[in-house]
There are 2 protein chains.
Amino acid sequence: MSALDDNWFTEIAQGTGTAFSLRIRRKLADEQTPYQHIEIYETTDFGRLMVIDGCTMVSSRDNFIYHEMMAHPVLYTHAAPRDVLIIGGGDCGTLREVLRHPEVGTAVQVEIDERVTRLAEQFFPELCELNDDPRATLHFGDGIQWLKDAPADSLDVVIVDSTDPIGPAEGLFSHPFYVDCLRALRPGGMVVQQSESPLLHQKILVDMHTTLRGAGFGDVRTLQFPQPIYPSGWWSATVARKDEAVAGLREADAQARPFETRYYSPEIHRAAFVLPPFLQALLAAPS
Amino acid sequence: MSALDDNWFTEIAQGTGTAFSLRIRRKLADEQTPYQHIEIYETTDFGRLMVIDGCTMVSSRDNFIYHEMMAHPVLYTHAAPRDVLIIGGGDCGTLREVLRHPEVGTAVQVEIDERVTRLAEQFFPELCELNDDPRATLHFGDGIQWLKDAPADSLDVVIVDSTDPIGPAEGLFSHPFYVDCLRALRPGGMVVQQSESPLLHQKILVDMHTTLRGAGFGDVRTLQFPQPIYPSGWWSATVARKDEAVAGLREADAQARPFETRYYSPEIHRAAFVLPPFLQALLAAPS
């Protein structure tokens with residue numbers, strides 16, 4: 001069996017019995033912040049790589065899929081997404097995709113660890129290119145508290161772009177957090193949250209559906225997309241909507257989008273919500 | 001950085017700067033055949049794993065996606081798939097899916113290495129459960145030669161379920177092979193071939209489209225699906241059709257399919273053919 005030498009970064013996902021490695025040229029940064037351990041690598045084939053607490057977060061090569069799919073499906077489903085909140089998302093890639101939408105009036109990003117954003121500005125400047133947009137506010141603090149303090153009926157879309165539901169991000173997958181989301185959202189408002197691998201993390205997916213429904217959301221749906229650097233290479237985001245069904249793609253607007261996308265299109269939007277039978281069965285609402 | 005100890009099997013894809021590992025309990029078989037090196041492992045989380053020349057081939061846990069997507073999209077697009085040839089596919093998982101279709105009258109599998117099938121019978125018996133079907137013929141030999149000798153207009157579907165286009169499988173991605181395919185296919189006949197990762201192997205995908213068109217196929221289209229144990233976790237199959245467009249899903253038949261699927265459905269069928277903009281641009285036929 002071949003062994004990986006020191007020229008590789010490996011994320012070992014012990015809980016799933018899998019590991020993924022990228023070949024690296026060198027380490028560009030290594031910081032222990034008050035919240036987590038951040039590393040930046042230069043890889044041989046994936047551009048730059050950000051790692052938090054041993055888990056791959058962002059690579060230059062494949063982040064476009066994740067960031068486009070966290071932003072555009074929900075923004076092209078909401079009829080008029082004016083006020084957007086991003087919780088987490090410190091690399092600013094999701095924020096950039098949100099700000100591409102001219103219909104967005106304000107985009108507030110609440111990232112707990114300012115160092116994630118400062119390192120992204122340094123090593124992933126392309127993800128931060130819209131940070132100076134006058135519609136954007138970068139706030140560094142606790143997203144759970146921020147949402148608790150947010151006025152009722154003040155937001156159209158909440159994007160939860162966090163790390164896995166262990167450690168600091170755990171509270172973002174909880175009943176109280178979703179109740180606060182619901183309160184802060186206007187009628188028809190939507191939350192989208194990264195929801196891990198459809199193959200490896202089925203309990204998390206099922207629990208999210210149950211918890212979002214239990215908090216009072218009117219509809220919950222999961223979409224899927226490839227994400228090569230994440231465990232299994234297959235990832236998901238789960239969308240919940242206040243009062244209404246998660247439906248109503250603004251087809252003409254998405255088709256005429258005034259910006260370039262590499263993964264998203266209205267056809268991909270619809271395709272991403274199509275789940276294979278095993279996932280449909282898993283996520284079927286209890287009757 | 002964490003290191004992987006001897007309790008892991010790692011496939012290093014040097015050409016792409018990536019590696020994927022599964023935690024193993026023990027090795028169940030290790031054979032050098034005249035063609036290749038075959039290993040079977042018991043993993044902790046993915047059931048059994050077959051490895052050929054260091055590359056993961058099949059795991060108990062996720063092979064259903066690959067095998068269903070190699071068989072059902074093409075069989076539910078062809079109006080009346082009676083005679084099917086599988087080249088490679090020695091683990092018999094694709095053969096099993098083909099034989100689930102009552103409209104299939106003959107399914108010939110031509111695998112060059114009999115040991116792949118014998119080891120599959122021993123360690124993946126569920127994939128071989130239809131091998132005794134009277135419609136099935138297991139032939140061990142060179143698929144390229146078999147197709148060269150096949151009568152003209154004798155096949156409806158050719159499924160090329162091979163290893164990567166290096167080593168023994170290289171000839172399966174070539175102009176002469178596709179010309180032989182075309183000759184052996186009846187009008188409206190189709191070939192489907194595994195075509196690697198949409199992220200990592202774009203040159204192979206583009207070359208396949210060019211070569212299939214150059215051989216005279218009327219239409220060429222690529223479909224995509226997750227395949228967690230293959231490099232990048234994102235995989236593709238490319239479908240080419242004699243004379244006609246790759247279109248015409250038999251929706252009612254697929255909906256009423258008389259067998260269970262875990263990944264395939266007519267909705268997934270359509271979704272799998274939807275390509276993201278970057279792939280559409282890459283594979284657009286030269287005008």
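Every chain is numbered from 1, with letters handed out A, B, ... down the list of sequences. No hydrogens, no waters, no symmetry mates; every other heavy atom, side chains included, goes into these values. Predicted model, so just to flag it, every value in this text is computed and none were measured.
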Turns out that what part of Thr44(A) lies under 4.5 Å from chain B's heavy atoms comes down to side chain
Value rounded to 0.5 Å, distance of [atom1] in [X] from [atom2] in [Y]:
| X | Y | atom1 | atom2 | answer |
| --- | --- | --- | --- | --- |
| Gln280(A) | Ile268(B) | CD | CD1 | 8.0 Å |
| Leu275(A) | Ser265(B) | CG | OG | 9.5 Å |
| Leu4(B) | Thr10(A) | CG | OG1 | 5.0 Å |
| Trp234(A) | Trp234(B) | CH2 | CH2 | 14.0 Å |

I'd like to check Phe46(A) versus Leu199(B) (side-chain heavy atoms, cut-off strictly below 4.5 Å). Are they in contact?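 Heavy-atom side-chain distance check passes, below 4.5 Å.
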Should Trp8(B) and Ile12(A) count as side-chain neighbours, where that means a heavy-atom distance under 4.5 Å? yes
For each of [options], tally heavy-atom pairs with chain B at distances under 4.5 Å, and name the one with the top tally.
| options | value |
| --- | --- |
| Asn7(A), Ile229(A), Leu200(A) | Leu200(A) |
| Gln227(A), Arg262(A), Glu11(A), Glu267(A) | Arg262(A) |
| Ala19(A), Pro228(A), Ser232(A), Pro226(A) | Ala19(A) |
| Gly233(A), Ala13(A), Ala272(A), Ser21(A) | Ser21(A) |

Which residues in residues 201-209 of chain B have a heavy atom less than 4.5 Å from any heavy atom of chain A? none
For chain A, find its close neighbours in residues 54-70 of chain B: heavy-atom separation under 4.5 Å, sorted by number, or none. Arg61(B), Asp62(B), Phe64(B), Ile65(B)
Can you tell which part of Gln14(B) gets under 4.5 Å to a heavy atom of chain A, answering side chain, backbone, both or neither? both
Under 4.5 Å from a heavy atom of chain A, the part of Tyr230(B) involved: neither
Taking CD in Gln32(B) as the centre, count heavy atoms belonging to other residues, nucleotides or ligands within less than 6.0 Å. Is the count above 12?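 More than 12 heavy atoms, drawn from other residues, nucleotides or ligands, come within 6.0 Å of this atom.
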